[in-house]
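Values below: all heavy atoms of this structure, side chains included; hydrogens, waters and symmetry mates excluded.
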Amino acid sequence: QVQLVESGGDSVQAGGSLRLSCTFFGNPYSTNCMGWFRQAPGQMREAVATIDDSDGSTYYAVSVKGRFTISKDNAKNTLYLQMNSLKPEDTAMYYCAADPVTGEYCTGARPRPSHYWGQGTQVTVSV
């Protein structure tokens with residue numbers, strides 16, 4: 001069993017930065033693959049960025065590539081998402097996810113770590 005607790009969401013102006021954190025507790029094997037997803041009102045949940053412990057590979061959605069950076073500190077049991085140059089279209093609830101499955105499932109074209117989810121943290125970007 002794994003628990004995920006997100007923090008760091010806030011309201012910022014366009015062009016600003018935020019760092020989201022996801023602290024995880026439980027079986028470390030179950031967090032080999034972790035990622036950030038987001039869901040805006042009326043839209044489907046989408047993968048933002050994922051990271052695979054087995055080889056260090058990462059995935060980024062096209063819309064955030066070059067602006068967001070995912071990282072993981074296993075010593076601190078924390079996953080991060082550094083978000084720079086924020087845009088109004090980044091406004092959404094951001095969720096942390098974890099899964100024991102790695103490889104293509106984690107950082108391939110359609111990443112889908114989904115075994116465990118956090119409760120979400122709201123990011124709002126205003127013009």
Closest non-hydrogen atoms of Thr107 and Ser57, given as atom of the first, atom of the second and distance, are OG1-OG, 2.9 Å
Going by distance alone, is a donor N or O of one side chain under 3.5 Å from an acceptor N or O of the other, for Thr23 and Asn77? no
For residues 35-64, the ring-ring contact (aromatic ring centres under 6.0 Å, His included) pairs (sequence neighbours left out) are Phe37-Trp117
Quick check against the 3.5 Å criterion: does Gln39 have a side-chain atom that pairs as donor or acceptor with the backbone of Ala92? no
Applying side-chain hydrogen bond (donor to acceptor under 3.5 Å, both in side chains) to Thr31 and not counting sequence neighbours gives none
Next item on the list: Verify the cluster assignment for Val123 and Tyr95: are they in a single hydrophobic cluster under the rule of side-chain heavy atoms below 4.5 Å apart?
Entry: no
Residues at least two apart in sequence or cross-chain that pass side chain to side chain contact (heavy atoms under 4.5 Å, CB included) with Asp10, listed by chain then number, are Leu18
To the nearest 0.5 Å, atom CE of Met93 lies from atom CD of Gln43 at 14.0 Å
Table please: side-chain donor-acceptor pairs of residues 96-104 below 3.5 Å, with sequence neighbours left out.
residue: Asp99; atom: OD1; partner: Val101; partner atom: N; Å: 3.0
residue: Asp99; atom: OD2; partner: Tyr105; partner atom: OH; Å: 3.2
residue: Asp99; atom: OD2; partner: Ser114; partner atom: N; Å: 3.1
residue: Asp99; atom: OD2; partner: His115; partner atom: N; Å: 3.1

Grouping I, L, V, M, F, W and Y whenever their side-chain heavy atoms are under 4.5 Å apart, do Val12 and Leu20 come out in a common cluster? yes
Residues at least two apart in sequence or cross-chain that pass side chain to side chain contact (heavy atoms under 4.5 Å, CB included) with Ser7, listed by chain then number, are Ser21
Closest non-hydrogen atoms of Ser17 and Gln82, given as atom of the first, atom of the second and distance, are CB-NE2, 4.0 Å
Nearest heavy-atom approach of Thr50 to Pro113 is CG2-CG, 4.0 Å
Lys87 and Val125 have their tightest heavy-atom pair at O-CB, 3.3 Å
Sorted by chain and residue number, the side-chain hydrogen bond (donor to acceptor under 3.5 Å, both in side chains) partners of Ser54 (sequence neighbours excluded) come out as Asp52
Residue pairs meeting salt bridge (Lys or Arg N to Asp or Glu O under 4.0 Å), one or both in residues 73-84, sequence neighbours left out, come to none
Quick note, salt bridge (Lys or Arg N to Asp or Glu O under 4.0 Å) partners involving residues 20-38, not counting sequence neighbours, are Arg38-Glu46, Arg38-Asp90
Side chain to side chain contact (heavy atoms under 4.5 Å, CB included) filter on Pro28, not counting sequence neighbours, yields none
Apart from Met44 itself, its cluster of hydrophobic side chains linked below 4.5 Å comprises none
Might you confirm whether atom CD of Gln13 has over 12 heavy atoms from other residues, nucleotides or ligands at distances under 6.0 Å?
no
Taken in chain and number order and not counting sequence neighbours, the residues that satisfy side chain to side chain contact (heavy atoms under 4.5 Å, CB included) with Thr124 are Ser11, Thr91, Gln122
Checklist line | Enclosure of Gln3 CD (heavy-atom neighbours >12, cutoff 6.0 Å) | finding: no
